[in-house]
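Following: one structure in structure tokens, then a few remarks.
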Amino acid sequence: MASTSPKHSTFFISFLNFNFKYCYVLAVSIVILINSIQLTQEIIKLNQVRKYHSYSYPGHQFLGISSFLENSQYIGYYTDKNLSDNLSARQFAQAQYILAPIILDLNYIHHRYILLDCTTEQKAWAKIKELNLIPYKISKSGIILAKNPNQ
Amino acid sequence: MSYTVPYLISFLIGYFLISLTFSLTHGNQRSRTLPNSPPLYLHFFLAAGLGLSMSANIVFYILVFVDRINKNFSIQFNLLLLFLLVLAQFYFCRKNKNPFWKLAGWDLQKSAAIFLIVLLLIPLWKYAQLFQPFGGWDAWQVWNFKAKFLTLGEDHWKNMFSPLLWRSSPHYPLLLPLINVWAWLFLDQPLDIVPLITASLFTFLTGGLLFSSLSSLTKNYHAIFATLLIFTLPFWALLATSQYSDIVLAYYLLASMICWLEGSRQNSPAYLFLSGLFLGSLSFTKSEGTIAVTVIFLLAIFYTFFNKAKTYDHKLKLFFSFLVGSAINGLPTLLFEWLYAPMNQTFINGLISTSHPASLERFKVIMVFFLVEIINKKWNGLWILLMAGIFLSKGKGFNKTLIIFPLFLGTYLMIVLVYYFLNTYFEIFWWLQNTLARILFGILPVVIFWVFVSLEWEDKKSRSNEGE
């Protein structure tokens with residue numbers, strides 16, 4: 001069988017290179033196209049959802065509380081929620097962000113101010129009674145800021 | 001208007017710092033074998049990120065000296081630095097007979113491509129506004145929280161390192177929070193829109209840097225595909241606009257590697273100095289950035305001193321440029337680690353712990369999870385496509401010039417996987433699920449850059465063979 005001349009083999013390799021390069025560009029273009037369609041679909045879907053359900057940021061329930069805290073650097077935070085649970089942990093993290101630079105301490109008993117964020121308002125009131133706290137401010141969502149007379 | 005001023009000041013600082021670096025190191029050479037500045041578009045995209053890190057560093061130094069964020073000092077020192085850089089650049093331009101403000105290299109096609117990148121930011125911005133206007137979980141728990149703490153914390157800002165805030169990773173470096181603090185200094189209050197602007201800006205800069213570097217290096221407009229690949233990916237859009245430090249890490253890592261490649265390719269002290277500056281900033285982004293810096297730094301030493309083509313004096317000069325750059329922008333990290341950073345409370349050494357031992361099972365989970373993540377549908381086959389690209393480059397991605405890329409990526413990923421194995425504080429499934437994709441996100445622009453350069457490298461070689 002006659003061997004291919006160097007000139008022919010170079011041509012063959014460059015032909016393969018040519019195809020590979022353009023095949024690759026084509027593959028990249030297809031991925032870009034798929035990405036673009038998915039991104040557009042997601043934006044349209046989100047846009048429709050937002051027409052009926054505005055973005056909720058649970059941390060906003062804590063807005064304005066810091067103005068009642070008289071330069072406190074730490075306050076107590078009492079909750080009967082399970083902070084391993086995603087929703088409760090999220091609310092706690094957002095509360096911490098909204099109230100920064102005030103630090104929320106889960107070891108609440110040693111602080112002058114205690115924020116009570118409970119599953120029901122009744123549970124918060126029961127805790128206030130149990131610890132002899134003085135209720136100070138109540139938010140619309142049932143979060144209670146109380147003073148600890150012993151501190 | 002107030003939103004744009006800090007970013008504009010930083011951009012000008014970065015622009016003139018890069019110009020001055022080139023004027024000082026390349027400007028006075030007789031033969032003019034080295035460029036007197038980077039290509040125009042690359043210059044812009046490097047300048048914006050470099051300037052932001054310089055501004056953040058100034059805010060940090062003032063924080064260290066005055067023990068609180070000081071608005072007036074921070075703005076004044078930034079303006080002073082800008083003034084000094086302009087003055088020095090003016091002097092050297094006159095001395096070396098170079099233009100003061102360069103517009104040569106302006107190109108209609110490249111400008112159109114960058115305009116396309118800007119247009120693509122609109123859906124990303126819309127996506128962020130609709131899906132997470134206040135960022136993702138770590139935005140309010142870690143990055144924006146720290147920025148707010150620094151801004152409003154006055155003289156008790158160090159409370160942010162309290163063990164009570166272990167969920168906010170107090171040991172993490174502060175570059176992103178300080179950039180947001182810098183932008184907030186021009187406003188009356190820390191508005192939530194600023195971190196979103198910063199995240200969007202870094203997303204734009206990463207895409208622009210990818211395009212401008214690839215197009216100037218390969219002289220091929222396929223470079224725009226690299227940016228489109230990431231900008232259109234929904235998962236990229238999600239993470240890039242989450243207001244996390246991962247996009248900042250991705251930018252500084254890419255910038256450092258690009259400058260390193262240009263520096264070693266052209267034997268340019270200016271590029272290596274810039275590479276060092278970006279590397280220093282990278283170390284201040286997050287813990288993974290510090291790991292990446294260590295790996296790149298060690299590789300740079302080996303690469304510089306085992307390169308046979310250069311004289312020993314020249315090797316020293318190049319390495320010294322890189323070292324000085326790294327030291328200048330690495331200083332805030334060293335100060336932070338030395339003065340403030342608390343111990344990592346979320347670390348248990350699984351090799352010595354009896355309660356949380358690092359088991360073989362954990363190792364298997366990590367390896368399987370890593371492989372599954374690569375083919376996860378959220379990436380839309382991107383990693384497979386990139387691996388195919390490297391395969392098609394027929395080894396060019398592993399040549400002497402580009403070898404630092406696979407060596408870095410391999411070593412970095414290996415260290416990260418070892419860390420997953422070693423630190424048994426977190427339940428491994430939860431941890432991998434929440435963080436591994438972000439590790440890959442951070443290195444993605446560098447991988448895309450490497451693959452595209454490798455492919456085009458082959459074309460150049462082929463063209464020269466055909467010419468022969």
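Here is how names work: the chains are called A, B, and so on, in the same order as the sequence lines, proteins then strands, and each is numbered from 1. All values derive from a computational prediction rather than experimental measurement.
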Going by salt bridge (charged side-chain N to carboxylate O under 4.0 Å, His left out), name the residues that satisfy it together with B:Lys378, two or more places apart in sequence or in a different chain.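 Scan of B:Lys378 (salt bridge (charged side-chain N to carboxylate O under 4.0 Å, His left out), adjacent residues dropped) gives B:Glu373.
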
Closest heavy-atom pair and its distance - [X], [Y]:
X: A:Asp105; Y: A:Asn107; answer: OD1-N, 2.9 Å
X: B:Leu386; Y: A:Tyr24; answer: CA-OH, 3.8 Å
X: B:Leu124; Y: B:Ala237; answer: CD2-CB, 3.3 Å
X: B:Pro234; Y: B:Asn380; answer: CD-ND2, 4.5 Å
X: B:Phe231; Y: B:Gly207; answer: CE1-CA, 3.6 Å
X: B:Gln345; Y: B:Ser162; answer: NE2-O, 4.5 Å

Counting only non-hydrogen atoms closer than 4.5 Å, can you tell me which residues of [range] sit against chain B?
range: residues 76-89 of chain A; result: A:Leu83, A:Asn86, A:Ala89
range: residues 130-143 of chain A; result: none
range: residues 27-45 of chain A; result: A:Ala27, A:Val28, A:Ser29, A:Val31, A:Ile32, A:Ile34, A:Asn35, A:Ser36, A:Gln38, A:Leu39, A:Glu42, A:Ile43

Answer yes or no: is there a donor N or O on one side and an acceptor on the other, between the side chain of B:Lys71 and the main chain of B:Leu185, under 3.5 Å?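 Judged by distance alone, yes, a pair lies under 3.5 Å.
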
Mark yes or no for whether B:Lys148, through its side chain, and A:Ile98, through its backbone, hold a donor-acceptor pair below 3.5 Å.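 Answer holds: yes.
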
Please classify the contact between [X] and chain A as side chain, backbone, both or neither, with a heavy-atom cut-off of under 4.5 Å.
X: B:Ala388; value: both
X: B:Val451; value: side chain
X: B:Thr151; value: neither
X: B:Leu130; value: both

What is the ring orientation for B:Phe131 with B:Tyr127, classed by angle as parallel under 30°, tilted 30 to 60°, or perpendicular over 60°?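 Plane angle under 30°, so parallel.
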
Taking the side chain as every heavy atom from C-beta outward, state whether [X] and [Y] have any pair of such atoms under 4.5 Å apart.
X: B:Leu444; Y: B:Ile230; answer: yes
X: A:Ile103; Y: A:Gln96; answer: yes
X: B:Met387; Y: B:Phe391; answer: no

Walk me through it: do B:Trp379 and B:Phe235 pass the test ring pair (Phe, Tyr, Trp, His ring centres under 6.0 Å)? CA-CA 7 Å; B:Trp379 296 104; B:Phe235 185 64; 4.9 Å; yes

Are B:Trp137 and A:Tyr97 an aromatic pair, judged by ring center distance below 6.0 Å?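 When the ring centroids of A:Tyr97 and B:Trp137 are compared, they turn out to be at least 6.0 Å apart.
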
Among B:Leu382, B:Leu152, B:Leu238, B:Asn159, who wins on heavy-atom pairs under 4.5 Å with chain A?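 With the most close heavy-atom pairs to chain A, the winner is B:Asn159.
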
With a 4.5 angstrom heavy-atom cut-off, is it the side chain or the backbone of [X] that approaches chain B, or both, or neither?
X: A:Arg90; answer: both
X: A:His53; answer: neither
X: A:Asn47; answer: both

Identified ring pair (Phe, Tyr, Trp, His ring centres under 6.0 Å) counterpart of B:Trp143 within the set B:Tyr172, B:Phe134, B:Phe149: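 That would be B:Tyr172.
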
Using a cut-off of 6.0 Å, state whether more than 12 heavy atoms not belonging to B:Asp155 lie near its atom CG.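 Yes, enclosed.
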
